[in-house]
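What follows is a single structure, written as structure tokens, with notes after it.
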Amino acid sequence: QVQLVESGGGLVQPGGSLRLSCAASGFTFSAYVMSWYRQAPGKERELVAFINSGGSTYYRDSVKGRFTISRDNAKRTVYLQMNSLKPEDTAMYYCKSSFSGTYWGQGTQVTVSS
């Protein structure tokens with residue numbers, strides 16, 4: 001029933017920008033925390049950012065000041081604006097809802113390379 005569809009990834013040069021989107025369905029979107037995670041090859045999946053129902057946000061230190069998470073409850077979509085991208089940002093990016101602790105979408109690949 002829960003569906004999370006990530007999009008917006010791609011190949012970008014260092015210093016470039018991307019905007020990721022996650023379209024959600026199957027739950028009352030506005031009531032839940034939405035998060036972005038990422039996983040690089042050979043690495044653990046890590047929390048990147050989250051935004052709660054009131055709009056409060058959290059960012060891991062490595063992306064703070066460069067990434068911005070936002071949500072549009074009418075569109076049931078959460079976004080991740082990524083600026084000043086670095087090679088270490090290369091990963092598969094996934095969104096997650098607090099409605100489900102273990103449900104993941106297919107992810108969207110972000111590759112930062114010259």
Test side chain to side chain donor-acceptor pair (under 3.5 Å) applied to Arg76 - qualifying residues, sequence neighbours left out:
none
Restricting to side chain to side chain donor-acceptor pair (under 3.5 Å), what partner residues turn up for Gln3, sequence neighbours left out?
none
Which atom names give the shortest non-hydrogen contact between [X] and [Y], and what distance separates them?
X: Arg66; Y: Asp89; value: NH1-OD2, 2.8 Å
X: Thr68; Y: Tyr59; value: CA-OH, 3.3 Å
X: Ala40; Y: Ala91; value: N-CB, 3.8 Å
X: Ala24; Y: Leu4; value: CB-CD2, 3.7 Å

Using the rule that two of Ile, Leu, Val, Met, Phe, Trp, Tyr join whenever any of their side-chain heavy atoms come within less than 4.5 Å, decide whether [X] and [Y] are in one cluster.
X: Tyr58; Y: Leu20; result: no
X: Tyr37; Y: Tyr103; result: no
X: Val2; Y: Tyr93; result: yes
X: Leu18; Y: Met34; result: yes

Could you tabulate the donor-acceptor pairs under 3.5 Å formed by side-chain atoms of residues 45-54, not counting sequence neighbours?
residue: Arg45; atom: NE; partner: Gln39; partner atom: OE1; Å: 3.3
residue: Arg45; atom: NH2; partner: Gln39; partner atom: OE1; Å: 3.1
residue: Glu46; atom: OE2; partner: Arg38; partner atom: NE; Å: 2.7
residue: Glu46; atom: OE2; partner: Arg38; partner atom: NH2; Å: 3.2
residue: Asn52; atom: OD1; partner: Gly54; partner atom: N; Å: 2.9
residue: Asn52; atom: OD1; partner: Gly55; partner atom: N; Å: 3.0
residue: Asn52; atom: OD1; partner: Ser56; partner atom: N; Å: 2.9

Counting only N and O atoms by type, is there a donor-acceptor contact under 3.5 Å from the side chain of Thr90 to the main-chain atoms of Val112?
yes
Within the distance-only criterion (no hydrogens, no angle test), does the side chain of Ser98 pair as donor or acceptor with the backbone N or O of Val33 below 3.5 angstrom?
yes
If I take atom CD from residue Gln1 and atom CZ from residue Phe27, how far apart are they, to the nearest 0.5 angstrom?
10.5 Å
Output the distance between atom CD1 (Ile69) and atom CE (Met82), rounded to the nearest 0.5 Å.
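One gets 11.5 Å once the value is rounded to the nearest 0.5 Å.
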Which residue pairs pass the side-chain hydrogen bond (donor to acceptor under 3.5 Å, both in side chains) test when at least one of the two sits in residues 22-36, sequence neighbours left out?
none
We want to know whether Ser17 and Asn83 form a side-chain donor-acceptor pair, criterion being a heavy-atom distance below 3.5 angstrom.
yes
Name all pairs fulfilling the disulfide bond (SG atoms under 2.5 Å apart) condition that reach into residues 20-114, sequence neighbours left out, sorted by first residue then second.
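Output for this query lists Cys22-Cys95.
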May I ask you to decide if the ring planes of Trp104 and Tyr94 are parallel, tilted or perpendicular, using 30° and 60° as cut-offs?
perpendicular
So Ser70 and Val78, do their side chains get closer than 4.5 Å, heavy atoms only?
no
So does Gln106 have more than 12 non-hydrogen atoms from other groups sitting under 6.0 Å from CD?
yes
Given side-chain contact (heavy atoms from CB on, under 4.5 Å), test Arg71 with Tyr79 step by step and report yes or no.
CA-CA 6 Å; Arg71 66 193 298 163; Tyr79 305 94; 5.9 Å; no
Residues passing the salt bridge (charged side-chain N to carboxylate O under 4.0 Å, His left out) test with Arg19, sequence neighbours excluded, are none
